[in-house]
Amino acid sequence: FFFQAEDGIRDFCLSRGLGDVYKRQAEYMGGEYIFVIDRSGSMSGSRIETAKESLIYFIKSLPANSYFNIVSFGSNFEPLLADSKMNSDEIIQQVLNRISFFGANMGGTELLPSLPVSYTHLTLPTIYSV
């Protein structure tokens, strides 16, 4: 179901006796964000610093009740978290601390293998993922 307004979702669900569906939908309103960051050798110097600054900006700007994860890639790939986590002050601080250690130290630039792993670490049902 796609509606432009939260009121439309609520009205639709409640009018059809689907209050539980609306409650679950409300839990996912923040969405889920998977950030994919190039940490290959070609990102050395100011490039990796700019990427880290941008990533920090986006992490700090996440909507309330949203889930997120970061997948780094180079010759291989590595999700930062085992599964996406809901943004909380504690999780965000932990992630920001780990981002500060990101370097352009993951070898070559192989983006394609990292994309499927981005989907396998989703927390929310796929219907709500973009």
Side-chain angles (χ1 to χ4, degrees):
F1 298 107
F2 175 78
F3 296 91
Q4 292 186 357
E6 184 178 349
D7 289 343
I9 296 170
R10 184 191 65 236
D11 293 346
F12 176 82
C13 291
L14 296 179
S15 70
R16 287 164 177 75
L18 301 173
D20 289 342
V21 173
Y22 174 70
K23 288 176 189 173
R24 283 186 305 214
Q25 172 65 26
E27 292 175 24
Y28 306 137
M29 292 302 278
E32 183 166 9
Y33 302 85
I34 307 298
F35 299 96
V36 180
I37 182 169
D38 183 351
R39 291 179 52 198
S40 65
S42 64
M43 291 293 289
S44 64
S46 65
R47 291 179 181 160
I48 192 67
E49 294 306 316
T50 301
K52 287 170 32 177
E53 289 170 12
S54 299
L55 186 56
I56 289 168
Y57 176 81
F58 288 125
I59 297 294
K60 288 181 174 182
S61 302
L62 286 169
N65 300 322
S66 60
Y67 290 75
F68 73 100
N69 202 350
I70 300 167
V71 176
S72 298
F73 74 91
S75 295
N76 55 5
F77 52 87
E78 179 181 305
L80 184 67
L81 306 167
D83 294 301
S84 295
K85 302 290 183 200
M86 183 180 277
N87 64 345
S88 67
D89 292 340
E90 180 182 346
I91 292 292
I92 288 179
Q93 191 56 52
Q94 290 173 8
V95 167
L96 296 179
N97 289 339
R98 292 180 68 184
I99 290 171
S100 69
F101 292 103
F102 280 9
N105 56 356
M106 292 185 70
T109 309
E110 300 294 330
L111 171 63
L112 192 56
S114 69
L115 296 180
V117 79
S118 300
Y119 288 103
T120 61
H121 290 274
L122 295 175
T123 298
L124 299 182
T126 306
I127 192 168
Y128 297 106
S129 301
V130 177

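Keep in mind that this is a model prediction, so the values were computed, not measured. Because only heavy atoms are used, hydrogens play no part in the values below, and waters and symmetry mates are left out as well, while side chains stay in.
- In this structure, CG in Asp38 is found 10.5 Å from CD in Glu110, a value given to the nearest 0.5 Å.
- Counting heavy atoms from C-beta outward, Phe73 and Thr109 have side chains that approach closer than 4.5 Å.
- Judged by distance alone, with hydrogens and angles left aside, the side-chain atoms of Arg39 form no donor-acceptor pair with the main-chain N or O of Asn105 at under 3.5 Å.
- Residues Phe101 and Leu96 do not share a hydrophobic cluster, clusters being chains of Ile/Leu/Val/Met/Phe/Trp/Tyr side chains in contact below 4.5 Å.
- Hydrophobic cluster membership differs between Ile48 and Ile56, with clusters built from Ile, Leu, Val, Met, Phe, Trp and Tyr side chains linked at under 4.5 angstrom.
- Around CG of Asn97, the count of heavy atoms belonging to other residues, nucleotides or ligands within 6.0 Å exceeds 12.
- With values rounded to the nearest 0.5 angstrom, Asp83 atom CG is found 11.0 Å from Tyr67 atom OH.
- Screening residues 43-59 for salt bridge (Lys or Arg N to Asp or Glu O under 4.0 Å), with sequence neighbours left out, gives Glu49-Lys52.
- Between the side chain of Asn87 and the main chain of Ile59, no donor-acceptor pair closer than 3.5 Å is present.
- Ile70 is not listed as a side-chain neighbour of Phe58, based on a closest heavy-atom distance of 4.5 Å or more.
- Residues Met43 and Val36 are members of separate hydrophobic clusters, defined by side-chain heavy-atom contacts under 4.5 angstrom among Ile, Leu, Val, Met, Phe, Trp and Tyr.
- Residues forming a side chain to side chain donor-acceptor pair (under 3.5 Å) with Ser44 (at least two apart in sequence, or on another chain): none.
- Between Ala104 and Ser40 the shortest heavy-atom distance is CB-O, 3.2 Å.
- Lys85 places none of its side-chain heavy atoms less than 4.5 Å from the side chain of Asn69.
- Here the shortest heavy-atom pairing between Tyr33 and Gly31 reads CE1-C, 4.0 Å.
- Expressed to the nearest 0.5 Å, how far CZ of Phe102 lies from CG of Leu80 amounts to 5.0 Å.
- Neither Ile99 nor Met106 shares a network with the other; the hydrophobic side chains, linked directly or stepwise wherever heavy atoms of I, L, V, M, F, W or Y lie under 4.5 Å apart, form separate groups for each.
- Ser75 meets the side chain to side chain contact (heavy atoms under 4.5 Å, CB included) test with no other residue; sequence neighbours excluded.
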